[in-house]
Undergrad: 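My questions will all concern the structure given below.
If you read the sequence from its start, that first residue is 1, and numbering goes on from there. Basis for what follows: all heavy atoms, side chains included, without hydrogens, waters or symmetry-related copies.
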Amino acid sequence: MTDDRRLRVALLGAGSVGSQVAALLRTHQDELADRAGVALDLVGIAVRDVDAPRDADLPRELFTTDAEGLIVGADIVIELMGGIEPAREYIALALNSGADVVTGNKALVATHGSELFDVADQVGATVSYEAAVAGAIPIIRPLRDSLAGDRVQRIMGIVNGTTNYILDRMDREGSDFDVVLADAQRLGYAEADPTGDVEGFDAAQKAAILASLAFHTAVPVDAVHREGITAIDKTVMDAARGAGYVIKLLAVCERLEGAAESPTGEAISVRVAPALVPRDHPLASVHGANNAVFVQAESAGNLMFYGAGAGGVQTASAVLGDVVSAARRHIAGGVGVGESTRANLPVLPIGRVTTRYQITLDVSDEPGVLSTVAGILAEGRVSIATALQTVITEANGESGTARLVIGTHRALEQDLSDTVDRLAASGVVDRIVSVLRVEGD
């Protein structure tokens, strides 16, 4: 049964997601009212150009260029504009006007989330952002609420559909990076300027959000170690496949023990980088532009969240879930639920992490080279777990080069990185083909 009142919903932005949210608010108005307990009236959509083409058929009278006028008086404001400004200004205005806010703006939440959450706490409102990390996949609420009584130890996430599409096709088809990227752009999976995706910026913002929730600690984006996928080519893919791995761009957030910087001895590490995942790991079977988040918790054990990480109507599902929750809170009254960031765990640099490497080298095919390489690794406190050497035969049938694929045991990241630098300068290594971390084994 619905409340006699009606809530005024203002929408900022009418791109692929915003248009679908508007259309669903209108076509499913009765169902949403039953679920929220109150009617939800879409009173306007703020855009830069009211005559621009949209992904959904919406009445022109809904559109306005007066965002501030639309916000004032709204009960719920949905921000789907993207970018930092004026989105931050508008959200602050909405909160101070007494509205709850729903946003899918990962860049804003990752860089200014703490500031906006503080404003929401001061006025008793809420900022909801389920759509900011993994599209349609529900991961924010499970981390914030369902696992609030547990201790999350580690998160590994495929949180960028563009890079997963590219790496998946390179792995399964043997295609070149540039060819697959061009296809991704043609299909709408990648922007004309794909830098945010292929260089890991998008995933780093999402990793900061996930880590902040999982470890109850404010994690700034600049504390996230970031590497992109542009150096991954067919040679690297072949070496990974031969060793039984698939390459994925992973966001890894983990709890670390024994940190001198923390009174409790606990700290966290957050990184985004292409990594080797065993082919029998659940994340290895995430294909195409899909996303997945793998959570390891002390009591709950291993949990997997999988689904569409992007798409207008898919992401609209997450937005509307937040809208219904905000409407229920608005009607029930009381202050909003704030974010928990009181743990204040230090975020350690990548060099303090313990991990494993697979190092692929081109070396001179002559006696003594393997022992020299092994000696450099030993000097760097890096232990060899596996080693595979293959002679590279030239077109004339001669060979002067061998490819050496070395898998290491776990070691301090700084020791591994320094050892790779010494290998490059050793004189016996012609080329460092690739250096990838092994995750999930």
Side-chain angles (χ1 to χ4, degrees), residues 15-21 55 80 82 103-107 109-110 129-140 155-173 175 177-210 221 224 226-230 232 237 246-253 271-275 277 281-295 304-319 321 439-440:
S16 61
V17 178
S19 293
Q20 294 299 330
V21 167
D55 290 346
L80 297 172
T103 179
N105 193 332
K106 57 184 175 292
V109 174
Y129 50 98
E130 186 66 71
V133 171
I137 303 172
I139 186 60
I140 301 300
I155 293 174
M156 294 193 299
I158 298 170
V159 294
N160 183 273
T162 300
T163 52
N164 198 62
Y165 172 82
I166 292 170
L167 293 173
D168 183 45
R169 280 195 52 192
M170 289 178 68
D171 174 63
R172 294 202 286 174
E173 301 174 7
S175 302
F177 175 87
D178 290 339
V179 173
V180 182
L181 173 59
D183 285 347
Q185 291 171 318
R186 179 175 53 81
L187 294 169
Y189 293 146
E191 301 289 341
D193 178 1
T195 304
D197 295 319
V198 300
E199 295 294 354
F201 291 100
D202 174 86
Q205 292 168 350
K206 295 172 180 177
I209 295 170
L210 291 174
V221 175
V224 179
R226 176 191 54 80
E227 300 172 30
I229 67 168
T230 53
I232 305 299
M237 278 288 179
V246 61
I247 300 175
K248 298 290 186 183
L249 182 71
L250 291 186
V252 180
C253 318
R271 60 186 179 271
V272 167
V277 178
H281 191 281
L283 288 176
S285 61
V286 178
H287 301 301
N290 286 313
N291 283 193
V293 181
F294 190 79
V295 180
M304 178 85 156
F305 301 83
Y306 169 86
V313 69
Q314 293 91 343
T315 306
S317 168
V319 172
E439 307 281 6

Undergrad: Would you call Y189 and D197 a side-chain contact if the rule is heavy atoms closer than 4.5 Å?
TA: no

Undergrad: Is the shortest side-chain heavy-atom distance between F177 and T230 below 4.5 Å?
TA: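 They are in contact (side-chain heavy atoms under 4.5 Å apart), so the answer is yes.
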
Undergrad: Quick check: do K248 and H281 have side-chain heavy atoms less than 4.5 Å from each other?
TA: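 A side-chain contact is absent here, since even the closest heavy-atom pair is not under 4.5 Å.
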
Undergrad: Let me confirm one number: the CD1-OG1 distance from I232 to T163, rounded to the nearest 0.5 Å.
TA: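 That separation rounds to 11.0 Å.
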
Undergrad: Please examine the side chains of D183 and R169, heavy atoms only from C-beta on, and report whether any two atoms are closer than 4.5 Å.
TA: yes

Undergrad: Compare every heavy atom of L210 with every heavy atom of C253, then report the nearest pair and how far apart it is.
TA: SG-CB, 4.4 Å

Undergrad: Of V277, V295, L283, which meets side-chain contact (heavy atoms from CB on, under 4.5 Å) against M156?
TA: L283

Undergrad: Roughly how far apart are I247 CD1 and I166 CD1, rounded to 0.5 Å?
TA: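 The CD1 atom of I247 sits 13.0 Å away from the CD1 atom of I166.
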
Undergrad: Rounded to the nearest 0.5 Å, what separation is found between the CD1 atom of I209 and the OH atom of Y129?
TA: 7.0 Å

Undergrad: Please report the shortest heavy-atom distance between F305 and P138, naming the atom on each side.
TA: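 Between these two residues, the closest heavy atoms are CD2-O, 3.3 Å.
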
Undergrad: Please report the closest heavy-atom contact between A251 and V159, naming both atoms and the distance.
TA: CB-CG2, 4.1 Å

Undergrad: Under 4.5 Å between any side-chain heavy atoms of V109 and Q205, yes or no?
TA: no

Undergrad: Could you tell me whether the side chain of L181 reaches within less than 4.5 Å of the side chain of P194, counting heavy atoms only?
TA: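 Side-chain contact under 4.5 Å: yes.
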
Undergrad: Could you measure the distance from the CD1 atom of I137 to the CD atom of Q314? Nearest 0.5 Å is fine.
TA: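 Reported value, rounded in 0.5 Å steps: 11.0 Å.
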
Undergrad: Between the main-chain N or O of G312 and the side-chain N or O of D55, is there a donor-acceptor pair closer than 3.5 Å?
TA: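 Side chain of D55 to backbone of G312: no pair is present.
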
Undergrad: For V17 and A316, which heavy atoms make the closest approach, and how far apart are they?
TA: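 Shortest heavy-atom separation between V17 and A316 comes out as CG1-N, 4.2 Å.
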
Undergrad: Measure from the side-chain N and O atoms of D202 to the backbone N and O of G196, and report whether any donor-acceptor pair falls under 3.5 Å.
TA: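 No; zero donor-acceptor contacts below 3.5 Å.
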
Undergrad: What verdict does the side chain to side chain contact (heavy atoms under 4.5 Å, CB included) test give for I139 and E130, after you've listed the backbone C-alpha separation in whole Å, the side-chain angles of each residue and the deciding distance to 0.1 Å?
TA: CA-CA 7 Å; I139 186 60; E130 186 66 71; 4.0 Å; yes

Undergrad: For a quick test of reading the model, state the closest non-hydrogen atom pair linking M237 to L167 and the distance between them.
TA: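 Answer, listing the atom of M237 first, then L167: CE-O, 3.4 Å.
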
Undergrad: With a 4.5 Å cut-off on side-chain heavy atoms, are L250 and I158 touching?
TA: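 Counting from C-beta outward, I158 and L250 do come under 4.5 Å.
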
Undergrad: Q185 side chain to A192 main-chain N or O, any donor-acceptor pair under 3.5 Å?
TA: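 Pair found, side chain donor or acceptor close to backbone of A192.
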
Undergrad: Please check: side-chain N/O of N291 versus main-chain N/O of A308, any donor-acceptor pairing under 3.5 Å?
TA: no

Undergrad: Which heavy atom in E227 sits nearest to a heavy atom in P274, and how many Å separate them?
TA: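 Looking at all heavy atoms of both residues, the shortest contact is O-CD, 3.8 Å.
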
Undergrad: Show me the pairs that pass side chain to side chain donor-acceptor pair (under 3.5 Å) and involve residues 304-313, at least two apart or across chains.
TA: N290-Y306

Undergrad: Just so I know, are the side chains of V293 and M304 near enough to count as touching, which here means a heavy-atom distance under 4.5 Å?
TA: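 With C-beta onward as the side chain, the pair stays apart.
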
